[in-house]
Amino acid sequence: MSENTTVKTVKSGWGKKLGLGAGALAVLLVMAYFVGTSTWFLKSVILPSAGKSLGATITVEDATISPFSSVMLRGLKIQTTGETPLATVGEVRAQYSLFAILGGNLDIADVLVEAPAVNLVFNADGTSNLDPILQAAAARPPKPKPAKPEQPTKLDLRRVALNNGTIMVVQNQKGGGRSVVELSGLGIKVDGVKNATVGQITLAAALKYASQTATNRDELAANLKAALSLDLGADLMPQNVKADADVAVNQAAGAFAEAARLNTKLLADLSLKDIKQLAVNFSRDGAPLGNVMISGPLDALKQEGRIKITVGGIGNQVLSLVGGRLGIYFGSTRLSANYDIELKNQARQVNTSGQIKGEKFSLTRQGLTTPTLELQLDYQVAIDLAQSNATVQAFAFAATQQGGQPLLRAGLSQPMVINWGKAAGAMGESVLDLSISELNLAEWRSFLGTNLTGGTVNGKLGMTVR
């Protein structure tokens with residue numbers, strides 16, 4: 001046999017081996033692809049590993065995975081403690097570009113989430129079904145902060161829909177009582193959120209709160225809807241945000257009875273440097289019940305600016321949302337206020353002044369109603385967080401009974417300095433003058449204690465603050 005023939009035979013042998021090796025590798029890659037994207041691999045390897053990391057058990061009924069373009073999961077469940085799952089999802093579908101995401105561009109064409117449900121249970125002993133996840137997160141070492149990318153992330157979120165969602169928070173109380181907050185029928189839609197574009201977000205849901213004790217049941221139910229217009233810059237920073245939200249109470253009982261048919265409307269028009277409009281209006285059956293308005297220049301990045309807050313005509317229908325839970329009602333009370341707030345030096349210095357008025361102010365608790373008063377508070381305060389102190393430059397409070405009879409007055413003779421820093425040195429002194437006239441203790445028994453059957457208090461007090 002010639003030398004050339006031997007060389008050809010050797011080359012042919014190595015060629016066959018390389019060909020067989022490449023073919024075997026291709027088969028292995030194909031098998032690895034199908035195994036790695038199979039429901040079995042997801043159920044047997046990926047989800048148990050993820051669940052262990054989270055301190056939970058994660059299962060799924062069915063899945064279809066195309067790693068480069070789409071994922072579909074059905075019957076997703078996250079279980080921690082107790083019989084009720086922490087979270088379930090009927091179906092999740094996502095279409096995306098994996099190559100774009102790996103390149104730093106979040107290109108997501110479509111996301112659909114059907115019937116998600118989150119159940120949080122807090123027990124009377126302070127434990128909850130969220131504890132295993134919180135404990136697992138605390139046990140993991142902190143990850144180093146990633147380097148800031150030189151180029152801003154490109155986001156192209158074309159459509160996201162969440163349908164028929166539920167969030168339930170249960171607080172079990174000692175003695176067998178419990179309170180439940182439930183958000184049901186939750187629907188969220190996101191359209192066209194991307195760099196240098198105005199995207200749209202809408203939300204709708206039914207909100208319900210119920211509290212049950214051995215003797216009382218308090219309920220509040222409302223419908224919520226909101227629309228948000230989000231103008232993003234090329235760097236994904238929000239340039240302008242417009243919002244229109246509405247909350248309509250359709251059921252109120254027990255402590256919240258005064259809030260029946262209360263309607264709350266929020267209007268917002270904000271930018272990074274200005275609060276053009278931020279207003280909350282309260283009404284019932286079309287009749288206005290008060291409002292809160294905020295406006296003024298405010299640089300969100302520098303945390304500097306000057307805003308004005310106005311509160312007008314807030315009465316018992318609105319105040320009962322807070323006071324009713326404590327068994328306190330406000331009768332014919334009408335609250336109004338004006339605040340000026342100035343932020344400087346990245347919010348390390350805050351100057352604020354304002355006036356608060358309470359017209360026909362009265363409180364009812366345990367069947368006892370206080371006298372009707374006219375209240376007024378004027379103040380001016382400068383806060384220096386860098387120096388850990390605050391200066392109360394002006395303070396005056398007056399409570400007047402019907403007919404103009406003074407009941408309580410309080411005021412400062414000169415500015416008062418409150419220093420909570422380590423170098424707490426005195427910066428002068430101030431005198432707080434307090435006077436009480438004809439305070440009938442029997443009329444305030446529901447707050448001072450029922451052991452006080454009668455008596456009248458008159459007096460003056462001067463306190464020196466150093």
Side-chain angles (χ1 to χ4, degrees), residues 42-43 46-63 71-94 96 108 110-140 157 159-173 177-190 193 201-212 218-228 243 245-251 325:
L42 177 70
K43 290 182 177 181
I46 297 178
L47 293 184
S49 177
K52 184 178 180 180
S53 176
L54 283 175
T57 300
I58 305 176
T59 59
V60 66
E61 294 176 3
D62 190 20
V71 170
M72 185 280 293
L73 304 176
R74 286 197 182 98
L76 178 66
K77 182 169 71 172
I78 302 175
Q79 184 84 42
T80 55
T81 58
E83 298 180 358
T84 304
L86 176 66
T88 60
V89 181
E91 183 175 336
V92 180
R93 292 177 179 269
Y96 54 87
I108 302 174
D110 186 54
V111 176
L112 174 64
V113 183
E114 288 284 356
V118 177
N119 298 283
L120 300 176
V121 180
F122 296 90
N123 302 310
D125 61 3
T127 61
S128 76
N129 62 344
L130 196 59
D131 290 347
I133 292 179
L134 297 177
Q135 292 166 3
R140 287 195 296 269
L157 190 57
R159 190 177 83 94
V160 174
L162 184 152
N163 299 324
N164 197 27
T166 302
I167 300 174
M168 182 176 290
V169 181
V170 177
Q171 175 66 67
N172 294 312
Q173 302 167 358
R178 74 173 194 163
S179 59
V180 179
V181 178
E182 181 180 7
L183 199 65
S184 61
L186 176 62
I188 302 175
K189 292 184 179 180
V190 180
V193 175
I201 302 173
T202 60
L203 179 149
L207 174 65
K208 186 175 183 180
Y209 171 84
S211 177
Q212 179 72 58
D218 305 321
E219 293 184 354
L220 182 71
N223 291 326
L224 166 67
K225 60 180 182 179
L228 180 70
D246 189 89
V247 180
V249 176
N250 51 48
Q251 181 181 350
R325 188 70 184 87

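Given the structure is predicted, the values throughout are model-derived calculations rather than measurements. Index from 1, following the sequence.
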Show the numbers, then the answer: is there a side chain to side chain contact (heavy atoms under 4.5 Å, CB included) between L112 and N163? CA-CA 8 Å; L112 174 64; N163 299 324; 3.5 Å; yes
Salt bridge (charged side-chain N to carboxylate O under 4.0 Å, His left out) between R159 and D110, worked out: CA-CA 5 Å; R159 190 177 83 94; D110 186 54; 2.8 Å; yes
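We find the CZ-CD distance between R74 and E61 to be 9.5 Å, quoted to the nearest 0.5 Å. Atom-to-atom distance recorded for S49:OG and I58:CD1 is 9.5 Å, nearest 0.5 angstrom. To the nearest 0.5 Å, atom CG of residue L183 and atom CE of residue M168 are 10.5 Å apart. To the nearest 0.5 Å, the span separating CZ on R93 from CG on L73 amounts to 10.0 Å. In this structure, CD in E91 is found 9.5 Å from CG in D62, a value given to the nearest 0.5 Å. Taking CD from Q79 and OG1 from T57, the interatomic distance works out to 7.0 Å, rounded to the nearest 0.5 Å.
Residues satisfying the side chain to side chain contact (heavy atoms under 4.5 Å, CB included) criterion with L162, sequence neighbours excluded, are V113, P116, L186, I188.
The residue from L228, I108, V111, L157 that alone fulfils the side chain to side chain contact (heavy atoms under 4.5 Å, CB included) condition with V190 is L157.
No side-chain heavy atom of T80 sits less than 4.5 Å from a side-chain heavy atom of L130. Two residues are said to be in side-chain contact when any heavy atoms from C-beta on lie closer than 4.5 Å; N119 and V170 fail this criterion. Residues E219 and Q212 are not in side-chain contact: their nearest non-hydrogen atoms beyond the backbone lie 4.5 Å or more apart. Contact check for V71 versus Y96: side-chain heavy atoms found under the 4.5 Å cut-off.
Taking each heavy atom of K77 and T88 in turn, the nearest pair found is CG-CG2, 3.9 Å. Considering every non-hydrogen atom in both V89 and E114, the closest pair reads CG1-O, 3.7 Å. For the residue pair S128 and P132, the shortest heavy atom distance occurs at O-CD, 4.2 Å. Nearest heavy-atom pair, A124 versus Q173, reported as atom, atom and distance to 0.1 Å: CB-C, 3.7 Å. Taking every heavy atom of both residues into account, G55 and A136 meet most closely at N-CB, 3.9 Å.
Remark: the backbone N or O of T127 is paired with a side-chain donor or acceptor of D125 at under 3.5 angstrom. No donor-acceptor pair closer than 3.5 Å links the side chain of N129 to the backbone N or O of L86.
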